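Starting from 1, each residue takes its place in the sequence as its number. The structure displayed is predicted, hence computed values, not measured ones.
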Amino acid sequence: MAAAAGRAAAAAYGQGESGGGRGGGFLGPRVPAEVEAMARGVQDVGKETFRRLLKVTVNALEGKDCKESVKLIAESANLSEEQLAFLISGMYTLLREALRLPLSTFKQEVFKEDLKELRIPEDFITDFSSVVFGSRRPASEGTALIRGSRLPSVQDFRWRVDVAISTSSLARALQPSILMMMKLSDGTAHRFEVPVAKFQELRYNVALILKEMNDLEKRSILKIQD
C-alpha cells in the first residue's frame, strides 16, 4: 500500500526502513522512514498542492479509491511518482498513528510540537492538526483503527504441562512440554505444543513488552491531564 511504496522511496532519499534518530513523541521511539522523507520533501511543496495531497491521504484512510486524484495531482503539480509515493505514504503513516490515540490523552499542543521537531512548515502543521483534532476526525479515526486491526483477536487461552515418557527414538525421555490452545474471535481454535526453551523465550519477551508498555504509560503524552 502507500506506506510500502513510501519506504522504498524513503531509502532513496537517505533513510532506511529503521527510521531516523528523532523519536519519543506520538510516532514512537524512532520516527518512521517514510515520515522523515515526507517531512523533508513537503518543504518544497506549495500550500495548494499540499492540501490536495492531504485530502487524498484522508480519503485513503477512509478506504476510498484515490488513484484518479493522485494522477491529477501528478499531472498538475509536476511531481514524479517517487515524490508522490513518499509524500502520501509519509502523511498516511503520520495521520494513522495520530488517529489511533484518544483525544482524552493526546493533546493538540503535543502533536504540533512533534511536527515542529520534524521541521514541517507551520501552515502544514495547522492543516495536519485540523484533520486529527477537527471535524474530519470521526470518519478517518474509525477507518484507520479498523484497518489497523483486521486480524482476529484472542478470546480464550488455555495451557497445561505435559511430559513425554518415551518417544520413538528413546525408551525413556521424560521431557516436559507445554500444550496450548487459543480460541480466536473468528471462531477458530488452534492447538500447539511449545518446548520448554521456547516457553522461556516467550516469558522473557512478554516481560519485555510489559516493561516497555509501563515505560510508555509514564510518558507525559499519555497521562490524563485535568
key: Heavy-atom side-chain contact between Lys64 and Val58 under 4.5 Å   = no
message = Ignoring hydrogens, what is the shortest heavy-atom contact between Phe124 and Lys47? Give both atom names and the distance.
response = CE2-CA, 3.8 Å
request  = Drop me the distance from Leu118's CG to Ile125's CD1, to the nearest 0.5 angstrom.
outcome  = 8.5 Å
message = I'd like to know whether Arg51 forms a side chain to side chain contact (heavy atoms under 4.5 Å, CB included) with Lys55, so could you lay out the CA-CA distance, the side-chain angles of the two residues, the decisive distance to 0.1 Å, and finally the verdict.
response = CA-CA 6 Å; Arg51 289 181 172 174; Lys55 183 177 181 180; over 6 Å; no
request  = Count the heavy atoms belonging to other residues, nucleotides or ligands that lie under 6.0 Å from CD of Glu48, then report whether that count exceeds 12.
outcome  = no
task = For side chain to side chain contact (heavy atoms under 4.5 Å, CB included), just list the numbers for Asn59 and Glu62, CA-CA rounded to whole Å, side-chain angles, deciding distance to a tenth of an Å, and then say yes or no.
result = CA-CA 5 Å; Asn59 288 339; Glu62 294 174 343; 4.0 Å; yes
note = dist Gln43:CD -> Ile120:CD1 (nearest 0.5 Å) comes out at 8.5 Å
task = Would you give the length of the straight line joining atom OG1 of Thr93 to atom CZ of Arg96, rounded to the nearest 0.5 angstrom?
result = 4.5 Å
message = Side chains of Leu87 and Thr57, heavy atoms from C-beta outward: is any pair under 4.5 Å?
response = no
task = I would like to know whether Ser89 and Glu34 meet side-chain hydrogen bond (donor to acceptor under 3.5 Å, both in side chains); could you show each step before the answer?
result = CA-CA 6 Å; Ser89 66; Glu34 60 266 30; 6.0 Å; no
query = With the 4.5 Å side-chain cut-off for hydrophobic clustering, are Val196 and Val206 part of the same group?
reply = yes
inquiry  = How close do Ala60 and Cys66 get, counting heavy atoms only, and between which atoms?
reply    = N-SG, 3.6 Å
query = Val42 versus Leu53: any side-chain heavy-atom pair under 4.5 Å?
reply = no
key: Residue list, side chain to side chain contact (heavy atoms under 4.5 Å, CB included) with Asp44, at least two apart or on another chain   = none
inquiry  = Quick check on Asn78: does its CG atom have over 12 non-hydrogen neighbours (other residues, nucleotides or ligands) under 6.0 Å away?
reply    = no
key: Qualifying residue, where the test is ring pair (Phe, Tyr, Trp, His ring centres under 6.0 Å) with Phe128 and the options are Phe111, Phe133, Phe50   = Phe50
ask   = Does Ser129 use its side chain to pair, donor to acceptor, with the backbone of Thr126 at less than 3.5 Å?
value = no
note = With sequence neighbours left out, the residues meeting salt bridge (Lys or Arg N to Asp or Glu O under 4.0 Å) with Glu212 are none
Joint hydrophobic cluster, Leu210 plus Val154, side-chain heavy atoms closer than 4.5 Å = yes
key: ILVMFWY cluster, Val163 and Val194 together (side-chain gap under 4.5 Å)   = no
Spatial distance of atom CG (Asp127) from atom CD (Glu122) [nearest 0.5 Å] = 10.5 Å
Within one Ile-Leu-Val-Met-Phe-Trp-Tyr cluster: Leu103 and Leu101, side-chain cutoff 4.5 Å = yes
key: Minimum side-chain heavy-atom gap Arg191-Leu179 below 4.5 Å   = no
task = Please report the C-alpha distance between Glu109 and Lys112 in whole Å, then the side-chain angles of each, then the deciding distance to 0.1 Å, and finally whether the salt bridge (charged side-chain N to carboxylate O under 4.0 Å, His left out) criterion is met.
result = CA-CA 5 Å; Glu109 296 76 13; Lys112 289 183 175 181; over 6 Å; no
task = Kindly work out whether a path of hydrophobic side-chain contacts (I/L/V/M/F/W/Y, heavy atoms less than 4.5 Å apart) joins Leu208 to Leu202.
result = no
Residue list, salt bridge (Lys or Arg N to Asp or Glu O under 4.0 Å) with Asp156, at least two apart or on another chain = Arg158
key: Closest contact, heavy atoms only, Leu79 versus Thr49   = CD1-CG2, 4.0 Å
inquiry  = Would the distance check show the side chain of Glu113 and the main-chain N or O of Gly25 forming a donor-acceptor pair, the cut-off being under 3.5 Å?
reply    = no
ask   = Under 6.0 Å from the OH atom of Tyr204, do we count more than 12 heavy atoms belonging to anything else shown?
value = no
query = What's the spacing between Phe86 CZ and Ser80 OG if we round to 0.5 Å?
reply = 7.5 Å
inquiry  = Any side-chain to backbone donor/acceptor pair from Ser76 onto Leu72? Under 3.5 Å, distance only.
reply    = yes
ask   = For the residue pair Leu94 and Leu27, what are the closest heavy atoms and their distance?
value = CA-CD2, 4.2 Å
ask   = Does His190 reach the side chain of Met180, with side-chain heavy atoms less than 4.5 Å apart?
value = no
query = Do Lys198 and Glu201 pass the salt bridge (charged side-chain N to carboxylate O under 4.0 Å, His left out) test, and can you show the C-alpha distance, the side-chain angles, and the key distance before you say yes or no?
reply = CA-CA 5 Å; Lys198 282 295 180 182; Glu201 185 180 337; 3.4 Å; yes
request  = Measure the CG-CE distance between Leu54 and Met91 for me, rounded to the nearest 0.5 Å.
outcome  = 6.0 Å
note = For Met38 and Gly90 the tightest heavy-atom approach is CB-CA, 3.7 Å
message = Parallel, tilted or perpendicular, judged at 30° and 60°: which one describes the rings of Phe106 and Phe26?
response = tilted
task = Work out which heavy atom in Leu184 is nearest to a heavy atom in Gln155; give both atom names and the distance.
result = O-OE1, 3.8 Å
